[in-house]
Amino acid sequence: MPVYESGTATPASAYASTRCASRSRITEQALDKIEQLAGEPWIADDRKIVLPPREELQTSMESLIHHFKLVSEGYRVPAGEVYLPIEGPRGEEGCYVVSNGGAKPWRVHFRAPSLLTIAAAPTLCQEHLIADLIAITASLDTLMGDSDR
């Protein structure tokens, strides 16, 4: 897992978090790392989960069969469950997947960060004026598409 430099700030204000976001050069750092990998393989060699190259499809029957099976059935995932948290700009986004060993998951759940942020709004709005609700809601940085559950 690559480590990136990110901006930090001491004050805990909305302005400070905006400045930190503008100082974070994670995208630029990731592109620099990709340029350093020029010429190195970037895809797995396992033919059970990776489609064969297009050139092989016209000359190799095995490649054609692997391609057909992967596209039509998908690949088999081991039985079990996994939760993968991802730090997004609005908080922790997560994906929970349960597999019974087949090509399709038994259960999938996506955790949206904005739903939990909106749940904190009543606590944040206590003892404030109605005019303050606009600034409080804007500082939460919610995405309503996440919150329609």
>> Just to verify, what does Thr117 make a side chain to side chain donor-acceptor pair (under 3.5 Å) with, not counting sequence neighbours?
In response: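 Counting only residues at least two positions away or on another chain, Thr117 forms no side chain to side chain donor-acceptor pair (under 3.5 Å).
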Over all atoms of both residues, closest heavy-atom pair of [X] and [Y]:
X: Pro52; Y: Ser63; value: CG-O, 3.4 Å
X: Arg76; Y: Gly102; value: NH1-CA, 3.4 Å
X: Ala103; Y: Gly74; value: CB-C, 4.4 Å
X: Ser99; Y: Val77; value: OG-O, 3.4 Å

> Considering only heavy atoms from C-beta outward, does the side chain of Pro113 approach that of Glu93 to under 4.5 Å?
Replying inline: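 Side chain of Pro113 against side chain of Glu93, heavy atoms only: contact under 4.5 Å found.
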> Applying the 4.5 Å side-chain criterion to the ILVMFWY set and letting contacts propagate, would Val97 and Phe110 be lumped into a single cluster?
Replying inline: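 Same cluster.
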> Mind checking whether Val108 and Val82 sit in one hydrophobic cluster, side chains of I, L, V, M, F, W, Y counted as touching below 4.5 Å?
Replying inline: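 Yes, Val108 and Val82 fall within the same hydrophobic cluster.
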>> Listing request: all salt bridge (Lys or Arg N to Asp or Glu O under 4.0 Å) pairs with a residue in residues 116-131, at least two apart in sequence or in separate chains.
In response: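 Qualifying pairs: none.
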> Rounded to the nearest 0.5 Å, how far does CG of Leu129 lie from CD1 of Ile136?
Replying inline: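 Ile136 atom CD1 to Leu129 atom CG measures 9.5 Å (nearest 0.5 Å).
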> Could you state the interatomic distance from SG (Cys95) to NE2 (His109), rounded to the nearest 0.5 Å?
Replying inline: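 Those atoms lie 9.5 Å apart.
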>> Taking salt bridge (charged side-chain N to carboxylate O under 4.0 Å, His left out) as the definition, give me every residue that meets it alongside Glu56, ordered by chain and number, with sequence neighbours left out.
In response: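 Only Arg47 meet the salt bridge (charged side-chain N to carboxylate O under 4.0 Å, His left out) criterion with Glu56.
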> Residues two or more places apart in sequence or in another chain: which of them pass salt bridge (charged side-chain N to carboxylate O under 4.0 Å, His left out) with Glu73?
Replying inline: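 If we apply the salt bridge (charged side-chain N to carboxylate O under 4.0 Å, His left out) test to Glu73, skipping adjacent residues, the hits are Lys69.
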> Heavy-atom count around Leu84 CG within 6.0 Å, excluding the residue itself: above 12?
Replying inline: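 Buried by this count: over 12 neighbours within 6.0 Å.
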Under the side-chain contact (heavy atoms from CB on, under 4.5 Å) test, residues paired with [X] that sit two or more places apart:
X: Leu116; result: Arg111
X: Val50; result: Ile43, Ala44
X: Thr137; result: none

Hydrophobic cluster partners of [X] (side-chain heavy atoms under 4.5 Å):
X: Ile130; answer: Leu133
X: Leu64; answer: Leu57, Met61, Ile65
X: Tyr83; answer: Tyr96, Val98, Trp106

